Q: 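Dropping a structure here in structure tokens format, bear with me for questions.
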Protein chains: 6
Amino acid sequence: MADTGTRKDGRQADELRQVTIERGWSEQAEGSALISFGSTRVLCTASVMPSVPRWMSGKGKGWVTAEYAMLPRSTNERMDRESIKGRVGGRTHEISRLIGRSLRAAVDMRALGELSIAVDCDVLQADGGTRTAAITGAYVALADAIAWAQANGRVPASAKPIIDSVAAISVGIVDGRPLLDLAYVEDVRAGTDMNVVATGRGLLVEVQGTAEGAPFDRSELDAMVDLALAGTQRLTQLQREALA
Amino acid sequence: MADTGTRKDGRQADELRQVTIERGWSEQAEGSALISFGSTRVLCTASVMPSVPRWMSGKGKGWVTAEYAMLPRSTNERMDRESIKGRVGGRTHEISRLIGRSLRAAVDMRALGELSIAVDCDVLQADGGTRTAAITGAYVALADAIAWAQANGRVPASAKPIIDSVAAISVGIVDGRPLLDLAYVEDVRAGTDMNVVATGRGLLVEVQGTAEGAPFDRSELDAMVDLALAGTQRLTQLQREALA
Amino acid sequence: MADTGTRKDGRQADELRQVTIERGWSEQAEGSALISFGSTRVLCTASVMPSVPRWMSGKGKGWVTAEYAMLPRSTNERMDRESIKGRVGGRTHEISRLIGRSLRAAVDMRALGELSIAVDCDVLQADGGTRTAAITGAYVALADAIAWAQANGRVPASAKPIIDSVAAISVGIVDGRPLLDLAYVEDVRAGTDMNVVATGRGLLVEVQGTAEGAPFDRSELDAMVDLALAGTQRLTQLQREALA
Amino acid sequence: MADTGTRKDGRQADELRQVTIERGWSEQAEGSALISFGSTRVLCTASVMPSVPRWMSGKGKGWVTAEYAMLPRSTNERMDRESIKGRVGGRTHEISRLIGRSLRAAVDMRALGELSIAVDCDVLQADGGTRTAAITGAYVALADAIAWAQANGRVPASAKPIIDSVAAISVGIVDGRPLLDLAYVEDVRAGTDMNVVATGRGLLVEVQGTAEGAPFDRSELDAMVDLALAGTQRLTQLQREALA
Amino acid sequence: MADTGTRKDGRQADELRQVTIERGWSEQAEGSALISFGSTRVLCTASVMPSVPRWMSGKGKGWVTAEYAMLPRSTNERMDRESIKGRVGGRTHEISRLIGRSLRAAVDMRALGELSIAVDCDVLQADGGTRTAAITGAYVALADAIAWAQANGRVPASAKPIIDSVAAISVGIVDGRPLLDLAYVEDVRAGTDMNVVATGRGLLVEVQGTAEGAPFDRSELDAMVDLALAGTQRLTQLQREALA
Amino acid sequence: MADTGTRKDGRQADELRQVTIERGWSEQAEGSALISFGSTRVLCTASVMPSVPRWMSGKGKGWVTAEYAMLPRSTNERMDRESIKGRVGGRTHEISRLIGRSLRAAVDMRALGELSIAVDCDVLQADGGTRTAAITGAYVALADAIAWAQANGRVPASAKPIIDSVAAISVGIVDGRPLLDLAYVEDVRAGTDMNVVATGRGLLVEVQGTAEGAPFDRSELDAMVDLALAGTQRLTQLQREALA
């Protein structure tokens, strides 16, 4: 199929949905952002906590961790709560770990000193791309929480804990054509689905490509990575504006 | 202490905090409302589901249930997620059951027919009164979900499943003085804390008074119920305006 | 409906079932009571433990907590064990918390010093009113455990940890008529069900009224509270006789 | 060490503690018994249920199962509840399975037809020998539940589901001397501890001997089995008297 | 660092460890393989089951699923069992899902018909690359289970459920140099770690690259994918020999 | 049925299946053995850990514990994993405790000093007698782990922690005839099933006899114990050869 024409929602193949970042949404958290990728809305809050997990204690280094969850009716059909099922599902675990790893790529743990920052990403409304929106918003909340820690004497004002920024976007092959930032209706039709996390400097932190339908070849992989890196560059710009 | 003068936030003893109801906040749910009582913000979504719990099946009646939860950083200190702890706490259970019972007082289950409505109340930000805000917002989401069900042929258009409205408010004795709609700083100082659920017609659905500090006498009980019934009457008016 | 005539079991509207308190039933616990409200039988044991929960440590104050449970065949149909289901149900949680709060209203935690008393209330046979029987019996077990702690040097003999007594009773509106101390057959027919916890001095500790059927009005609330306070006064007398 | 002299509580080596069986203790269960072996007290209730577990369905046979549990303060130090820990311990599992197997040895499942009997054995007070008291009391509850099922048409009156009785007793080697029916203070000093389940006809159902301290030789095994079979014979007689 | 010289264990950068596949290790399973990548040993068993999960029922299609686990002392330090912790960890979930998705890329679910194949991959000994060894061995077990199903009439002999093979390998950047098939000592030093799943035809099924240390650039991504595709091609050959 | 003739697999009544012990199977554990009783294969690994459980701390004594588990497809039909069910079953608990008690009978805890040894017994393939194979193999792994601890200075070289060996075997009454070391097909037909654990010196550690079908009499008990003690004597010899 030709790589021309617009998508259902009128976007070009390499176009992001409308992205908004409402920084400081929460009055309680040290850093927060309500981020939207189109209809996908994720509330990210960053909490500064005075200690590190036991296995890290005494090393003079900090830690950043993340938890992802979806509200039961964030999706088109209501899902059971994981608290009520009494166990966290595999997908939730997987995404929480991905967000945590991504954020840690932006932070110098030694400069942070022995404190933890927990970033909670709760999906209020889901329309595809919740994990990439979560990472992108979580970075903004994290940056503000670190600024708070420096302003409040928890981290020396002269330290430089932030070494880069991180943002993430999805790409996929839909009807043979690589598309950026899949909405839910595109995601379910995608033969291959890839999530890419990159830093503000354009380096790769995570590349996760999965053939949901037919396997993909090397040239499709290349095309998807190209699209994604252009997308994360634009998200980096939006993060900078939000944090300005 | 004299029963005069204003409170920390400038309110009179019998004054509600600013209440806002953002009806239809969710694009996914059949009914929804984002309600605020001051800084307390609760997202309520109502989901219409085609069947009833097994123990109710075959009776020609519907069911309404509710689940309450707090986001981990809705509060001043981050709380662990109940999904990760693997069990739902007693307070969460208690409030979920209270919301469910309150909503059922507004519905004629026979007119609903054999379908369920699950109302999720997720506290995005907490500053006292989360359960009463949840009940008040949940009714709005429920009313819209029932309207949806009637507009979409799930419930006969001629049926009258809604028989009354419900709203809830907290009252308490703080420094010997009965106050309406306690904010968190008031709640922690309250000797007695009471939650009252009432219908739009002014009848009582739930009265839950607890002496956290010193026990209370009969006249204090009466004063609290008086305050609360005036408060729920004003909330009823706000619900009507939101649903208009 | 007129407030005349007797009930199925021959009682007047304001009459308790036969209440017996077998103090010191257990050879193991520091305090214990097997209490009956008619066919409802609850075994209450109070255990003195040398420390307080971590969050209370170092404040020089004690703690009283309670756990409620039903034997699987205490009821007319066998229930699954909560240990086997792997989770404690909402109702169990709710009642355990209620009993704990009620007992704490009778104790000066500072006079107790840094020790805990855990009161277990296990329902051996259920016929309505299990939570109110549990509270009433638990107070007797608690008083004996505190006496034991004072006799055994765990609490100074000169301290006065007991500042009042607590007892509890249910009331309800059955066929439009307020009744005291509902048996199971009455409880299932009650439109409104209320549990009242009061001290020996006649002050209120908890008031929990729930419209299971039709909502109730202010005058019904008043009538139920009147009945309940007369009932708890009689239970207070029976507690005193048991402890004499 | 010579096999002479009495024990701490004045018993002979081959003497049971005082055994009492309060048949029909529960008003709710189809069969029940409160059994005491000295200070050990176990409430046994048998529940007749209209179906069998799925894996047995359609074979025309019945099933008998058992659950054992201890109240938290049945012992000298309070134990945490298994419901709160969220899991059933290994010892509890083991004893529940033992009771179930023992009871099934007394029943012709084909004569029972497709129904289940669940026997709950809840230890109200523990002083050694709780599992053997539980088995002995559970048989009485079971026999009454089967009688109820025959009297109420759930099992044909002409059927003979009961094919034998079962009773159980502990034996042990304490200070080199075999003793029957160990009390708790003897049990903790026993080098070897054995539980024997036998039928009314004197056949063996279970023999479980464990060297807690030093291993035991063949002649000690023989001596313990001899003592135990004499003990179960006396218990069989007491069961017959209770059921008469 | 120059891309020359051998590794600690004497391998070239693009060399696999010794791979052995012991097909048919289990007498119980319909298909099985004990696979080794050097000291990493994984037992893979495939079980044919007569039905599909409920959500797939009635669609005429089959299902393939996988579960991964490590024995507690497969690693250098003993890990607690997930059964005892009562919950499956995030890493376990993640890998189980990865294996399942990878295997499904090799199967035509419609040709399989309504039956499930569950592939268990239990790590007996771990020295890096357990998930890639698991996928590679699991395919052999799966192929045999499908052959069994066809030989035993569960799947028509004329059907072609196997549409391709799958194999997987790890690659990483260690001291700036891309290496194939990381042993544990290499894995802990790798700045970037990538797992690639590819089909026998050389198409990509999964690409999962993670910067554990410094982020990686586009040319490093390309070098790793090249190495991995050469590695999976050799594994494909070994699978063919094992299945011959 | 006469007590003559051979069994399905050609063995005499008092004959063990072929037993093999592959000592040192694991490269990771301090001691290990892969043991086979015919088709039953159990991997036993012993892990030396530097501390004891909290309740034993400070007593100058060591501890030995064991965990038993079956791989999901070790059996003829696949079983669900206990990690996924979220709870360990009663049978698993029971056998883990049995193995631990058995091993402790071989060790002088005071000579071991304050360290723990955890022995994991994972059934790779099951054909009856998994618990007895596990005990017999676990002793070999344990002996090697203790030798390792002495060679590596964790336990004084002059200490004598091993005071005896332990081995275990099953016996049963099949068609009225006592048989040694039951294979699965014999086990399911056995009226009585007994497991006996004995030391190398011929003393009894555990005797667990269960009437699965008809109860057994005293002479059958005696015959089974005789058979078992001869069997454990031969296993003791095989353990000595493996450890030589």
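If you're wondering where the values come from, they're calculated on a predicted model, not measured in any experiment. Letters go in sequence order (proteins before strands), and every chain restarts at 1.
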Q: Chain B heavy atoms under 4.5 Å from A:Ile84: which part of the residue, side chain, backbone, both or neither?
A: both
Q: Evaluate the side chain to side chain contact (heavy atoms under 4.5 Å, CB included) criterion for residues B:Arg78 and A:Glu30: first the C-alpha distance (whole Å), next the side-chain angles of each, then the deciding distance (0.1 Å), finally the verdict.
A: CA-CA 11 Å; B:Arg78 185 178 186 276; A:Glu30 285 78 37; over 6 Å; no
Q: Which residues pass the salt bridge (charged side-chain N to carboxylate O under 4.0 Å, His left out) test with A:Asp9, not counting sequence neighbours?
A: A:Arg11
Q: Quick check: are there more than 12 heavy atoms from other residues, nucleotides or ligands sitting under 6.0 Å from CD of B:Glu77?
A: no
Q: Heavy atom to heavy atom, less than 4.5 Å: which residues from residues 109-136 of chain B reach chain A?
A: B:Ala118, B:Asp120, B:Cys121, B:Asp122, B:Leu124, B:Gln125, B:Ala126
Q: More than 12 heavy atoms of other residues, nucleotides or ligands under 6.0 Å from CZ of A:Arg189: is that the case?
A: no
Q: Between A:Ser74 and chain B, which part of the residue has a heavy atom less than 4.5 Å away: side chain, backbone, both or neither?
A: backbone
Q: Under a 4.5 Å heavy-atom cut-off, does chain A meet the side chain of B:Thr92, its backbone, both or neither?
A: neither
Q: Not counting sequence neighbours, which residues clear salt bridge (charged side-chain N to carboxylate O under 4.0 Å, His left out) with B:Asp164? List them please.
A: B:Arg201
Q: Could you look at B:Glu67 and say if it's the side chain, the backbone, both or neither that has a heavy atom under 4.5 Å from chain A?
A: both
Q: With respect to chain A, which residue among B:His93, B:Glu82, B:Arg81, B:Lys85 yields the maximal number of heavy-atom pairs within a distance under 4.5 Å?
A: B:Arg81
Q: Restricting to pairs with a member in residues 40-59 of chain B, which pass side chain to side chain donor-acceptor pair (under 3.5 Å), not counting sequence neighbours?
A: A:Arg73-B:Ser47
